[in-house]
Amino acid sequence: MMREDSIEYLLSAMDRHQEAWKALQASLITRAKLQAYTESQYDEVVLLAKEGLEFIIKLQAGDTISAEWVAARDNLVARAQRLILDPDT
């Protein structure tokens with residue numbers, strides 16, 4: 001058994017604290033990366049929702065659905081699918 005005032009005891013205690021510090025540091029870095037990723041995904045979803053609303057609001061009863069309208073709709077749908085199904089791309 002080591003005495004509490006021995007060099008070995010102090011070095012062992014320092015090693016334990018250093019390992020705990022490294023684990024905390026790694027955890028904080030991971031959390032920061034996840035937060036940045038989540039904020040980026042959220043910003044993309046909000047932008048897509050705004051664009052989708054603007055797109056739909058313009059459509060009125062009796063309007064003709066043109067090829068351009070369908071292409072714009074398909075683009076919005078594709079972006080939504082990408083965010084929902086494969087958010088890493």
Inset, instruction - Go through the steps to decide whether Glu44 and Arg82 satisfy the test side-chain contact (heavy atoms from CB on, under 4.5 Å), and finish with yes or no. - result: CA-CA 11 Å; Glu44 282 190 58; Arg82 181 184 56 81; 3.0 Å; yes
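- At least one donor-acceptor pair under 3.5 Å links the side chain of Thr30 to the backbone N or O of Ala26.
- Listed by chain and number, the residues in a side chain to side chain donor-acceptor pair (under 3.5 Å) with Arg31 amount to none (sequence neighbours excluded).
- Under a hydrophobic clustering in which Ile, Leu, Val, Met, Phe, Trp and Tyr are joined whenever their side-chain heavy atoms come within less than 4.5 Å, directly or via other members, Trp21 and Leu11 fall into different clusters.
- Hydrophobic clustering (side-chain heavy atoms under 4.5 Å, transitive across Ile, Leu, Val, Met, Phe, Trp, Tyr) keeps Leu83 apart from Leu47.
- Counting heavy atoms from C-beta outward, Met14 and Glu19 have side chains that stay 4.5 Å or more apart.
- Side-chain contact between Tyr37 and Gln41: present, with at least one pair of heavy atoms (C-beta onward) separated by less than 4.5 Å.
- Applying the side chain to side chain donor-acceptor pair (under 3.5 Å) rule to pairs touching residues 51-61 yields Glu51-Arg79, sequence neighbours excluded.
- Considering only heavy atoms from C-beta on, Lys50 stays 4.5 Å or farther from Leu53 through its side chain.
- Evaluation of the ring pair (Phe, Tyr, Trp, His ring centres under 6.0 Å) test over residues 38-61, restricted to residues two or more places apart or in two chains, returns Phe55-Trp69.
- A 6.0 Å sphere centred on CD1 of Ile65 holds more than 12 heavy atoms belonging to other residues, nucleotides or ligands.
- Atom CD of Gln81 is separated from atom CG of Asp74 by 9.5 Å, given to the nearest 0.5 angstrom.
- Residues Leu48 and Leu59 share a single hydrophobic cluster, defined by chaining ILVMFWY side chains whose heavy atoms lie under 4.5 Å apart.
- Within the 3.5 Å criterion, the main-chain N or O of Leu34 finds a donor-acceptor partner in the side chain of Thr38.
- Taking CG from Asp43 and CD from Glu39, the interatomic distance works out to 7.0 Å, rounded to the nearest 0.5 Å.
- Ion pairing between Arg73 and Glu68 fails under the 4.0 Å rule for side-chain N and carboxylate O.
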